Amino acid sequence: IRHYNALLDALGKANRLDDAESLFCEFEKYGLAHDVASHSIMISANGKSGRIDDAERCFRRMKSENVKPNAFTYSALIEAFGRAGRLQKAEETFRSMIEDGVVPNVVAYNALIKVYVKRGKIEKAFKLSEEMTKNGRVPDVITYGTLIDACAKARDVEKAFSVFNELKKHQIKPNRVCYASLIDACAKGKQPERGFEVLQLMKISNTPPDIFAYNALIDACGRAKMVNRAFEVYDEILIAGLIPDRVTFNALISACGRAREVNKAFEALDIMINKYGHEADRHTYNSLIDACGKSEKMMKAFEIYNRMIKNGVRPCVVTYNALIDACGRVRNINLAYELFNKMRKEKIKPDVYTLNTLIAVCGRCGDVEKAFNILKLMIEEENVRPDEVTYNTLIDTLGKKGCLDKAWKLLQDMRNIGLKPT
RNA sequence: UUUAAUAAUUCUUCG
């Protein structure tokens, strides 16, 4: 049975889910009964390829075969729900695990903490980590790594460092993931200098920085619009004997875009493709489009868009949002709306970024009426939920037009829905 | 030395 399970797992990891499923169904033919591992493997495999319904089905099948789930099973299911963005179901799974008498282990806690972080529920992530300690489970390096990542997402640099110190207090040796997350926190918190300190710390702690650490540091420089320093980090990668990867170049290109150095962005692209043989991916193209747009080079943005299609990379909602923004910056409101219609025709679902970008376009053109029309349309036809940025942008638009009373009213609405003004 | 589960870096909107 172990050999067959191993085979199941291998098929799953090779993304051959159908083959895995067939093999699973043939167990009986070989005189084998599915054990808890067989089922868990199937749940995990389906979850990892985003087939949450199938994962759930596997779980039900397990129960119908009277095989008792264990901690592996539940953790796999929690992760699967997390991947699908189903926080409630993940929580529910965690609870039913306890009800079933399966005591949550570190992995189960870590899995749920991760789901909280992914959904932006940072407080809950920390609460659960405290709860796990209360229940006698010892947080491990992954727990701390996840929590540092949580702080990064919340842009709370101080807290990231305090988690890092906590980790050391518990005599756990931070691994490269922890360091990279810590640098990422510095990046998101716009404190590149502290990122460099962390890199230094890695070196003196016998943890030579890897490509993740360097890439995060490039991003840290980029967010602070320090392009030259970003390229210095790139040089350091080479000196360290590491190979820059796609993310390295994408981060560099993004850095150039933020600093409005479009030409440099294309230089980086050239090195990426011609020197390292990395194909441009959707991040690359989207960053380039954004870089052009921010520098008010709309035509160039469209050139990149066409090139993207020609090279077989599918434009996504981010692509269109960036293009719409590019139009907005040169006040081309008609073209912006054309793009919006185009994306709908291509069945690409507009999101809240699309809405906010379009409102910003209207704002730049001083068209308050259009701004409110698009708001209505997005809510009613596209199920888009306005967020804090939506209100900020609308208020900004009204303010510029001198409609202060309406702006105040919106501010009230904002509070009523539970959004906090900034 | 491993039959199964958990963490990190790059793309878009207002400020």
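Computed over heavy atoms, backbone and side chain alike; hydrogens, waters and symmetry mates excluded. Chain letters run A, B, ... following the sequence lines, proteins first, then strands; residues in each count from 1. Keep in mind that this is a model prediction, so the values were computed, not measured.
For A5(B), one of the phosphate oxygens OP1 or OP2 lies less than 4.0 angstrom from a side-chain nitrogen or oxygen of K13(A). Look at K114(A) and you won't find any side-chain N or O under 4.0 angstrom from OP1 or OP2 of U6(B). OP1 or OP2 of C11(B) has at least one side-chain nitrogen or oxygen of R223(A) nearer than 4.0 Å.
Comparing A5(B), U9(B), C14(B) by their nearest atom to the side chain of R329(A) picks out C14(B). Each of A4(B), A8(B), A5(B) was ranked by its minimum atom distance to the side chain of I41(A); first place goes to A4(B).
In this structure, N175(A) reaches the bases: a heavy-atom distance under 4.0 Å links it to at least one base atom across the strands shown. Residue contacts for A71(A): at a heavy-atom cut-off of 4.0 Å it reaches a base atom on one of the strands shown. Residue N105(A) is classed as a base contact, given a heavy-atom separation below 4.0 Å to a base. S75(A) comes within contact range of at least one nucleobase, with a heavy-atom separation under 4.0 Å. Across all strands, K118(A) comes closer than 4.0 Å to no nucleic acid atom at all (heavy-atom distances).
Applying the 3.5 Å distance criterion, the base of A4(B) shares a donor-acceptor pair with the side chain of N70(A).
Between E79(A) and K48(A) there is a salt bridge, since a side-chain N of the basic residue sits under 4.0 Å from a carboxylate O of the acidic one. Contact check on E279(A) versus R246(A) returns no salt bridge, with no Lys/Arg side-chain nitrogen under 4.0 Å from an Asp/Glu carboxylate oxygen.
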